[in-house]
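These notes are about the structure you will find just below.
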2 protein chains.
Amino acid sequence: MTIADVAALAGVSVGTASKALNNRGKLRQETRARVADAARQLGFRPNEMARSLLSGRSFTVGLLTTDHVGRFSLPVLLGAEDALGAGEISVFLCDTRGDAIRERHHLSALASRRVDGIIVTGRRTDSRPPLRQFLDVPVVYAMAPSEDPRDVSVVPDEWQGAREGVRHLIAAGRTRIAHITGPARHHSAQVRAAAFRETLAEAGLRPAGGEVMFGEWNEPWGRQAVRHVLHAEPRCDALFCGSDQIARGAADGLREMGVDVPGDIALVGFDNWDVMSTACRPPLTTVDMELGELGRVAAMSLLEAIEGRARPGVRRLPCRLVIRDST
Amino acid sequence: MTIADVAALAGVSVGTASKALNNRGKLRQETRARVADAARQLGFRPNEMARSLLSGRSFTVGLLTTDHVGRFSLPVLLGAEDALGAGEISVFLCDTRGDAIRERHHLSALASRRVDGIIVTGRRTDSRPPLRQFLDVPVVYAMAPSEDPRDVSVVPDEWQGAREGVRHLIAAGRTRIAHITGPARHHSAQVRAAAFRETLAEAGLRPAGGEVMFGEWNEPWGRQAVRHVLHAEPRCDALFCGSDQIARGAADGLREMGVDVPGDIALVGFDNWDVMSTACRPPLTTVDMELGELGRVAAMSLLEAIEGRARPGVRRLPCRLVIRDST
DNA sequence: GGTGGAGGGTCAACAAGTATG
DNA sequence: CCATACTTGTTGACCCTCCAC
């Protein structure tokens, strides 16, 4: 099924068929229609690989996940795929599973396939070493920014997101607010905690319970931490949690202690992970990082870079506060 | 960066360079080494698109998700990507988001790119209408089988999985077992319920509470259903749940009613969705559909079909019972 | 002066598009 | 509007040139 078949069926030469299908040259309308009919009848699709050879562009990009495709990188991938697909660009899925061998293997394959660019994403927002490229194509880092500030990175503005969450609690009249979050070694935990402290300080408040409680991102930690907090500060009236899982654990812990949410203690989570935030009792007010949008912006940035208009640096996209019943 | 550059650097013709790099033809070892050195020095990667043009095979496949990439299709995609990547085959990610327009668009793009085959996956196990193909390539349906039995489909053996779960409860000495599951319109709910009934009948048992309770796949339904069950059959000693979310809701409901799991009532879930099954109190015994393996088998089946050795029909892969603390 | 094999060059072909006569 | 030539990168069939015997 090539353009030669279409030309034969339409009774024209391949050159004429090409012109007809690409709206070029001077042809009678009737001829164009005859060629278009023949193409439709045969289900002709021009061979992208042959075109790419000529044009020097493949209209494909690689989507490389460095950790493994998980809850955070998936929305980014899908957002990017959506934005690129609209521009007739196809996407190679490359999951490295955190394995350096697999990463090399995928990069080598992407080089062979002459992708026009690469989007790199990871599950965490800690910065990562830049790709050691054999290939000379633009790269955009989504979610996990490159350590090299000359690279193009797109990340969620966790600082702003955390501030929104904490401000929301303050605006609701809460004054003794504690922060329970994940491991201190995670960039996400650090930046959210810093935003928490600063936002409280601006309002003349101090963290309830003395200090930020670093732990794990999971529910058991939320349940456990809430007991510590109420022991250290019985008059605590709000919890800002570093993840929805922690917040859900906290909600369960509070309910089992007979504490009312949001009556006695208001609760704000982070991630807007529906299976946690809507299944939580009560449904969680939480910060959404808008990862789908992040993927789309990363895709647009990559297209810019492909066209030679790359704007290096880290771009932070705003998070959005989703208000439900826990505040 | 083409083979011509390599040939020039090595001081040979492009044909000779090709032979050297592909271990073909008659050349001196010294010549081969010189070409290999030049290639390494320049970071040469053969252009896959040019090779494909010649060979007629692109060594790419399309991964098409019909609903949207979610919790169930993601492991399938990753399993397939893993299996295909090992065979030097790259994967085009195509998310249709349940949109027929997007599906046509993606199929058209895949046709243009001359993929060697397509894997279709969905989030549910209900059968789906076969792809109306413009293109003449093998298709394998993973997770959601094709309605046409002449197509190749790979699905989890939910029947067997449900039987394992129920047998496990019976083997533990439970005799009054109820089944709480999702909407009756879902194939998954129907087949698991049928397996539940038959397995009980074989042991001379009858469903506790009279009949299977169809509802939703979520936690609130689990919490609600468990009250109905205990009202209808106070001596109920086990629950087989159609999903981990339902099971977790049931566990929460039972705990709040003061019922001990597994002391008073044993609990088996379905899906082995870690965020539910390990966060559940107690951690859930559950049925794992091994979706990653399913993706790998789908990929292998596609490779068979590409080589002309397709074995039509529906292939069911065994589920695996994962035993934790709820039984 | 053939013969044969080692070593390497030449050219058509793949699909599509552009340019020119 | 057709015919033809040429472009892209790569491969493989075919061909040519040595040199030894």
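The shown structure was predicted, so the numbers you read here are calculated from the model rather than taken from an experiment. Chain A is the first sequence line, chain B the second, and so forth, proteins listed ahead of strands; every chain is numbered from 1.
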May I ask you to check whether B/Thr16 and B/Ser13 show a side-chain donor-acceptor distance below 3.5 Å? yes
Anything under 3.5 Å between a protein N or O and an N or O of nucleotides 16-20 of chain C, put it in a table, one pair a line.
| residue | atom | partner | partner atom | Å |
| --- | --- | --- | --- | --- |
| C/dA16 | OP1 | A/Asn47 | N | 2.9 |
| C/dA16 | OP2 | A/Ile3 | N | 2.6 |
| C/dG17 | OP1 | A/Asn22 | ND2 | 3.4 |
| C/dG17 | OP1 | A/Arg51 | NE | 3.4 |
| C/dG17 | OP1 | A/Arg51 | NH2 | 3.3 |
| C/dG17 | OP2 | A/Ser18 | OG | 3.4 |
| C/dT18 | OP2 | A/Arg24 | NE | 3.3 |

Between the CZ atom in A/Arg311 and the CZ atom in A/Arg315, the distance rounded to the nearest 0.5 Å is 6.0 Å
Parallel, tilted or perpendicular: rings of A/Phe92 and B/Phe92 (30°, 60°): parallel
Rounding to 0.5 Å, atoms CG (B/Asp67) and OG1 (B/Thr96) come to a distance of 7.0 Å
Rounded to whole Å, the CG-P distance (B/Asn23 to D/dG12) equals 12 Å
Under a plain distance cut-off of 3.5 Å, with no hydrogens placed, do A/Arg45 and B/Ser108 share a side-chain donor-acceptor pair? yes
Of the listed C/dA15, D/dC1, C/dG8, the closest approach to the A/Thr31 side chain comes from D/dC1
Rounded to whole Å, NZ of B/Lys26 lies from P of C/dG4 at a distance of 13 Å
Rounded to whole Å, the CZ-C1' distance (A/Arg113 to D/dG9) equals 15 Å
So the side-chain hydrogen bond (donor to acceptor under 3.5 Å, both in side chains) pairs with at least one residue in residues 76-93 of chain B (sequence neighbours excluded) are A/Arg102-B/Asp82, A/His105-B/Glu88, A/His106-B/Glu81, A/Arg113-B/Ser90
Whole-Å distance, A/Met49 CE to D/dT7 C1', equals 17 Å
#### Entry: Any B/Ser13 side-chain N or O less than 4.0 Å from OP1/OP2 of C/dG8
no
Nearest-nucleotide check on DNA chain C, B/Leu27 vs A/Leu53; residue mapping nearer the 5' end is B/Leu27
When rounded to whole Å, the CD to P distance for the pair B/Glu30 and C/dA6 reads 17 Å
